[in-house]
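Everything on this sheet refers to the single structure shown next.
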Amino acid sequence: MQTIAVVVVTALILYTLVGGIKRSIYKQLVTFLQNGHYASFDQKVDALLVKLLFSKQSLLDLRLNAAILQNQKRKALRYLEELERIPMPKAKKTHT
């Protein structure tokens, strides 16, 4: 029973840490875009940790925003096309 408690507490700590790291990285990426630091954005968004923590859709969305801000129309269209190919999750049915 004690082992289960240790595993649960450890899992909760890891979940909290990963969430905090994701929020911090996302804030950094958005700040880079807001301040026009596109090279720093590109370097950070291509990092292995970022690719592991964020979904492909989230990364494409960030890259799309960067392309739009830089007026890179071809890149923006390419990212939009990639986003279109990602399957949407099925909507949950609601009962009334």
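No experiment lies behind these values; they were computed from the predicted model shown. Positions are given from 1, in the same order as the sequence printed here.
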#### Entry: Reported CG-to-CD distance for the pair L59 and E82, which is rounded to 0.5 angstrom
11.0 Å
### Query
Would you say L12 and I4 are hydrophobically clustered, going by side-chain heavy atoms of ILVMFWY under 4.5 Å?
yes
## Note on the structure
In this structure, CG of L53 is separated from CD1 of I21 (nearest 0.5 Å) by 7.0 Å
### Query
How would you list, by chain and number, every residue that makes a side-chain hydrogen bond (donor to acceptor under 3.5 Å, both in side chains) with T16, sequence neighbours excluded?
none
### Query
Are any side-chain N or O atoms of Q43 and backbone N or O atoms of A39, one a donor and one an acceptor, separated by less than 3.5 Å?
no
### Task
Give a yes or no on whether the backbone of Q57 and the side-chain of D61 come within a donor-acceptor separation of less than 3.5 Å.
no
### Query
Would you say the side chain of F54 lies within less than 4.5 Å of the side chain of V45, judging by non-hydrogen atoms?
no
### Query
Given the rule that I, L, V, M, F, W and Y join up when any side-chain heavy atoms are under 4.5 Å apart, are L29 and V18 in one cluster?
yes
### Summary
residues 1-27 vs salt bridge (charged side-chain N to carboxylate O under 4.0 Å, His left out), sequence neighbours excluded, gives none
#### Entry: Contact check, side chains of L49 and I25, non-hydrogen atoms, under 4.5 Å
yes
### Message
Check this for me, if you would: do D46 and R63 make a salt bridge, where the nitrogen-to-carboxylate-oxygen distance has to be below 4.0 angstrom?
### Response
yes
### Query
With a 4.5 Å limit on heavy-atom distance, are the side chains of N65 and Y79 in contact?
no
### Query
Would you say the side chain of F32 lies within less than 4.5 Å of the side chain of D42, judging by non-hydrogen atoms?
no
### Atom pair OH (Y26) and CG (L62), whose distance is rounded to the nearest 0.5 Å
5.5 Å
### Summary
Between A76 and I68 the two heavy atoms that sit nearest each other are CB-CG1, 4.2 Å
### Query
With side chains defined as the heavy atoms from C-beta onward, is the minimum distance between K56 and L60 less than 4.5 Å?
yes
#### Entry: Listed partners of K75 passing side-chain hydrogen bond (donor to acceptor under 3.5 Å, both in side chains), at least two apart
none
